[in-house]
Amino acid sequence: MALPESTYERLRATDCADEIAYVRACLRLYFAGPAASAGETWTPGLSDAVVTDIARLNKVGTFVLKALSRTPAHERPAELFQWLETYRRRTVSMNAACLMDSMAIHEALLDRRIDFVFLKGPFQQNLLYDDHFMKPSGDIDILVSPAGFLNAREALGSIGYEVSGKSRSVWWVRFLGEQHMIRGKGSKSSTVDLHYRLQQPGSPSPRDADGFLRRKRLVEITGAEVPFTSAADTLMLACISVAKALFNREPCAGYVCDIRASASRLGHADQQRVLDAAVSQGLEDTLLLGLRAADVLLGGTGTLLSEGAKPILSRIGNEDLLNMVIAPWLSSLRWPQRRTVLWELCGRAPVRYLSEAGWAASADISRRIFERPAGP
């Protein structure tokens, strides 16, 4: 869901180009590897508050912290470093609770013999970064088949999860293909996003979402094996998340980092297989958009995937794409029309475009009807 406009008010009121450049340099330093030590120099004119806002909204605070940890202590901005360490501790606490809840959910779904797979979250972070605590995970995302959706909801209900009121509408269930389920209240609450779709209307959806279930792998955690997306599907889902974020005009540098981490683990043959799979799913251009975003934010890699990404949405300059990813609140941004992006992501295929555009229009009508604010 799109972030509230109030989130960006302070950032819109300032020129944050230098702070964006600083965060970007820290991310590049992180991905350059442990041997790299030269990062962007902190200057007195930079705003701690703006840098922390950028890092928080993009969920990259721990990346920045780890990058700065490689620099000499006297060169680190003290207040920023302290904030980042606090951010890291909160992430550890949040994700530890998420892991515990995930294991309870795994057991409940396993007992009912429901076919499912975990998406994103601490499991993915450990697979990509050897660290369960890179990004805060407030929700647990699960994918099931459409046929298993009701059974999965009942299984979650048996361990105390209830459907959130806002996600009971036709728009959520039919068009988004998901529901929020919550257990508990306040700081002790736990939220599950139960999916049977993998993309919102307005961006191309996978032709075969059940394939993500068939290709799952088992990941060991606390002595148990839990189902998680394959390496190729993990990359594809990160690219889907970037397309969704751009549609909603949300910051998404954290997802772009996942794309780079996922792609870097694939050899040449694996990269070709990913491209072929994306074509069969109708998501080739969604994949390439995510890869181009990674090259713009983190630097090109010269790999098969990187080279193939260059032409996608070429009418959007690199500087604009960078800001769309990391600072979508900027008033100077020249956003393309959403239908133009959809046309490109559909491979400029008229039949596919009309189908996706019709689905998006139906979803919009449904949202206006069923998501209408309650009257006085």
Side-chain angles (χ1 to χ4, degrees), residues 1 94-128 132 137-184 188-201 205-238 240-241 244 277 280-281 283:
M1 295 297 94
M94 181 182 295
N95 288 16
C98 183
L99 285 166
M100 292 178 63
D101 292 333
S102 296
M103 298 311 295
I105 289 166
H106 171 256
E107 184 176 346
L109 296 179
L110 205 62
D111 287 345
R112 299 284 187 101
R113 298 184 179 180
I114 294 170
D115 191 19
F116 75 101
V117 63
F118 285 105
L119 311 173
K120 302 182 288 188
F123 297 134
Q124 174 173 295
Q125 293 169 40
N126 192 53
L127 289 169
L128 296 182
H132 288 100
S137 295
D139 302 334
I140 301 165
D141 288 274
I142 299 169
L143 175 69
V144 297
S145 68
F149 185 76
L150 293 179
N151 287 339
R153 193 171 66 187
E154 290 177 2
L156 292 170
S158 71
I159 58 172
Y161 286 90
E162 297 180 352
V163 177
S164 170
K166 69 175 184 177
S167 67
R168 295 177 185 274
S169 73
V170 172
W171 183 67
W172 276 85
V173 179
R174 172 67 176 138
F175 291 97
L176 290 187
E178 67 176 277
Q179 284 190 304
H180 290 325
M181 300 189 70
I182 300 174
R183 183 179 68 183
K188 299 296 185 181
S189 66
S190 171
T191 303
V192 174
D193 286 344
L194 181 62
H195 301 257
Y196 70 89
R197 291 187 187 278
L198 287 172
Q199 183 58 289
Q200 71 175 48
S205 301
R207 290 180 177 137
D208 178 23
D210 283 357
F212 289 82
L213 295 170
R214 294 193 302 272
R215 293 184 295 271
K216 64 189 175 188
R217 52 180 159 166
L218 295 177
V219 177
E220 186 173 346
I221 178 78
T222 63
E225 291 186 323
V226 300
F228 196 77
T229 50
S230 70
D233 287 339
T234 297
L235 170 58
M236 193 68 253
L237 284 170
I240 287 173
S241 295
K244 179 179 178 180
S280 68
Q281 286 275 20
L283 296 175

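Heavy-atom basis, side chains included; hydrogens, waters and symmetry copies ignored.
Because its NZ or CZ atom is not both nearer than 6.0 Å to the ring centre of Phe212 and within 45° of the ring axis, Arg214 does not count as a cation-pi partner of that residue.
Between the His106 side chain and the Pro227 main chain, no donor and acceptor come within less than 3.5 Å of each other. Using modelled atom types, no side-chain atom of Glu178 and backbone atom of Arg197 make a donor-acceptor pair closer than 3.5 Å. Judged purely by atom type and a 3.5 angstrom limit, Ser167 has no side-chain atom pairing as donor or acceptor with the backbone of Trp172. Looking only at distances, no side-chain donor or acceptor of Gln124 sits under 3.5 Å from a matching main-chain atom of Thr234.
The line from OG of Ser158 to CG of Asp111 is 8.5 Å long, rounded to the nearest 0.5 Å. Atom CZ of Phe149 and atom CD1 of Ile114 lie 11.5 Å apart (nearest 0.5 Å). Distance check: Met236 CE to Thr229 OG1 gives 12.0 Å after rounding to the nearest 0.5 Å. Summarising the geometry, atom CD1 belonging to Ile182 is positioned 9.5 Å from atom CG belonging to Asp193; distances are rounded to the nearest 0.5 Å.
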Q | Derivation of the side chain to side chain contact (heavy atoms under 4.5 Å, CB included) call for Phe116 and Leu194 | A | CA-CA 10 Å; Phe116 75 101; Leu194 181 62; over 6 Å; no
Q. Please walk me through it: do Lys216 and Asp115 pass salt bridge (Lys or Arg N to Asp or Glu O under 4.0 Å)?
A. CA-CA 10 Å; Lys216 64 189 175 188; Asp115 191 19; 2.3 Å; yes
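Taking each heavy atom of Asn95 and Ser137 in turn, the nearest pair found is OD1-N, 2.9 Å. Looking at every heavy atom in both residues, Gln179 comes nearest to Arg168 through NE2-CA, 3.7 Å.
No more than 12 heavy-atom neighbours from other residues, nucleotides or ligands sit within 6.0 angstrom of CD on Glu162. Dense packing is recorded around CZ of Arg215, with more than 12 heavy atoms of other residues, nucleotides or ligands lying under 6.0 Å away.
With contacts defined as side-chain heavy-atom distances shorter than 4.5 Å, the pair His132/Ile221 qualifies.
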